[in-house]
Amino acid sequence: MSLWVREEVQEMLRGLELPGNHMTTELGTAHARETRVAARCLGLVKRYGDVTAVNGLDLEVRAGECLGLLGPNGAGKTTTVEILEGLTPPTSGTVEVLGRAWGSGDDNDLRQHLGVQLQETQLAEKLTVAETVRLFRSFYRRGRDVDAVVRLVELDEKRNSRVGKLSGGQRQRLAVACALVSDPDLLFLDEPTTGLDPQARLKLWEVVETFRRGGGTVILTTHYMEEAERLCDRVAIMDHGSIIALGTPAKLIAALGADQILEFSVAEQLQEETLTTLSGVRGVHLRDGAYALTVTDIALALPALLDELERQHAKLVTLTTHQATLEDVFVSLTGRMLRND
């Protein structure tokens, strides 16, 4: 059982950012990026039979930002994004994208301003890379040069290769190219780097950053904490269909009140209550047989811990330290690891 005082963390997080109310401009002749709010949902609920995938979610995405939905598989990230994309109808609640509600007007016109990369994109394997991007470009009234987009995602050398011959990372970059070729105002990326090797992941991050520098808005779902910290202006941490924390990555991590996490395991069972009183230690978690201490001063905490282990005649098996991350925020709020897959 965790000894972390979750109520204290939650109180600190409440002071960060909550969905607010901003004025939006109507999407028409005005460029969509002129809206102050790119997307908003209020009281969003989605049920599948007895299962509630999204549970009363309030969220606002500001124009020009990258907002990340961070959480484990099953947290409701993909369902929320599919509702915002107009692919899935909500059970209840209101949804507004670029100043419009789905079903209130010409939905096809609204889709002209969106770029969508699904969690799993099935593309025609007999088409080449260039043919695939050209096909997607034909769906839109406006858009970018096909060759320029192929170069942007670093697939120029593969432009004449068939989709069926591409690697997993190359397919992911092609899916992002298909989402970018319309020159969208709002780009949806649903776990774009899941399953990719580190080099392929970095290449996709660079593509997203290039799009952001052009003034685009991004809604990104991920369960990679380093991806959210690198790309996102703000992060909404989701669990069981609800947002449990919202703010910039730096502020969310700062709310822990700890600079580092000290993790260790021992051969014997410890008297846990003594760990909470150690110098420099703010909180204690026990998970999977290992201890994690949130530490404000590693220079004080580490010697104090070693002295305490010696006092309890406990044999140290493993010992590691790392800077506090978004995953540590998630663990402090839920008692579970973020990547539970």
Side-chain angles (χ1 to χ4, degrees), residues 13 16-27 30-46 53-71 75-88 90 93-102 104 107 110-119 176 179-180 182-192 208-209 211-223 227-238 241-252 326:
L13 291 172
L16 295 177
E17 299 218 28
L18 295 174
N21 294 317
H22 297 285
M23 297 297 293
T24 62
T25 62
E26 195 66 22
L27 178 65
H31 196 273
R33 293 187 184 119
E34 291 175 359
T35 60
R36 293 185 60 197
V37 176
R40 173 193 288 134
C41 53
L42 297 173
L44 185 62
V45 174
K46 181 61 180 180
V54 181
N55 187 20
L57 186 142
D58 294 339
L59 182 65
E60 186 173 277
V61 184
R62 302 163 185 168
E65 77 170 334
C66 178
L67 183 122
L69 298 179
L70 182 66
K77 306 185 304 295
T78 293
T79 300
T80 299
V81 166
E82 288 179 348
I83 292 171
L84 290 170
E85 292 166 346
L87 300 177
T88 300
T94 60
V95 176
E96 186 181 85
V97 178
L98 299 177
R100 290 183 181 177
W102 289 109
S104 64
D107 285 355
L110 178 53
R111 289 190 175 96
Q112 293 289 316
H113 298 269
L114 306 181
V116 177
Q117 176 262 322
L118 302 174
Q119 193 171 115
V176 173
L180 288 172
S182 67
D183 191 22
D185 298 299
L186 176 57
L187 177 65
F188 292 93
L189 300 174
D190 193 359
E191 299 195 7
V208 175
E209 289 170 337
F211 175 76
R212 288 289 317 288
R213 286 194 292 270
T217 304
V218 180
I219 298 178
L220 168 77
T221 75
T222 183
H223 56 245
E227 186 163 274
E229 291 179 30
R230 163 90 177 248
L231 297 178
C232 299
D233 299 295
R234 291 187 303 148
V235 171
I237 298 179
M238 293 188 65
S242 300
I243 293 177
I244 59 175
L246 175 64
T248 67
K251 287 184 177 179
L252 289 173
L326 288 173

Would you mind reporting whether L98 and L114 have side-chain heavy atoms less than 4.5 Å apart?
-> yes

side-chain hydrogen bond (donor to acceptor under 3.5 Å, both in side chains) with R111: which residues, sequence neighbours excluded?
-> none

Nearest heavy-atom contact between V45 and G56 is CG2-N, 3.4 Å

Counting N and O atoms only, with roles assigned by atom type, does the side chain of T88 sit under 3.5 Å from a partner on the main chain of I83, one being a donor and the other an acceptor?
-> no

Point-to-point distance, once rounded to the nearest 0.5 Å, from CG of L57 to SG of C41 = 5.0 Å

Would you give the length of the straight line joining atom CD of E82 to atom CD of Q119, rounded to the nearest 0.5 angstrom?
-> 8.0 Å

dist L110:CG -> S104:OG (nearest 0.5 Å) comes out at 8.0 Å

For the residue pair T222 and L231, establish whether any side-chain heavy-atom pair is separated by less than 4.5 Å.
-> no

Looking only at atom types and distance, does a side-chain atom of E229 sit under 3.5 Å from a main-chain N or O of P249, one as donor and one as acceptor?
-> no

Between CG of L220 and CG of L189, what distance do you get to the nearest 0.5 Å?
-> 6.0 Å

Could you tell me the separation between the CG atom of D58 and the CD1 atom of I243, rounded to the nearest 0.5 Å?
-> 7.5 Å

For the student: nearest non-hydrogen atoms of V97 and L84, plus distance = CG2-O, 3.2 Å

Can you name the side-chain contact (heavy atoms from CB on, under 4.5 Å) partners of A75, sequence neighbours left out?
-> P72, K77, M238

Please report the closest heavy-atom contact between E60 and V37, naming both atoms and the distance.
-> CG-CG1, 3.7 Å

Which residues satisfy the side-chain hydrogen bond (donor to acceptor under 3.5 Å, both in side chains) test with Q117, sequence neighbours excluded?
-> none

State, to 0.1 Å, how close A53 and T79 come at their nearest heavy-atom pair, and which atoms those are.
-> CB-OG1, 3.9 Å

Sub-4.5 Å side-chain heavy-atom contact between L246 and R234 = yes

Between V235 and L252, the two heavy atoms sitting closest are O-CD1, 3.8 Å

All side-chain hydrogen bond (donor to acceptor under 3.5 Å, both in side chains) counterparts of S242, not counting sequence neighbours | none

Do the side chains of L44 and V95 get nearer than 4.5 Å, heavy atoms only?
-> yes

For F188 and V81 the tightest heavy-atom approach is CD2-CG1, 3.8 Å

Spacing of NE2 belonging to H113 relative to CG belonging to D183, to within rounding of 0.5 Å = 10.5 Å

Do E85 and L118 have side chains that get closer than 4.5 Å, going by heavy atoms?
-> yes

Checking T80, L59, L186 against I219 for side chain to side chain contact (heavy atoms under 4.5 Å, CB included), the one that qualifies is L186

The single option from L69, L67, V218 that satisfies side chain to side chain contact (heavy atoms under 4.5 Å, CB included) with V61 is L67

Partners of S182 by side-chain contact (heavy atoms from CB on, under 4.5 Å), sequence neighbours excluded?
-> Y140, P184

Name all residues meeting the side-chain hydrogen bond (donor to acceptor under 3.5 Å, both in side chains) criterion together with D233; count only those two or more places apart in sequence or in a different chain, and write none if there are none.
-> R212

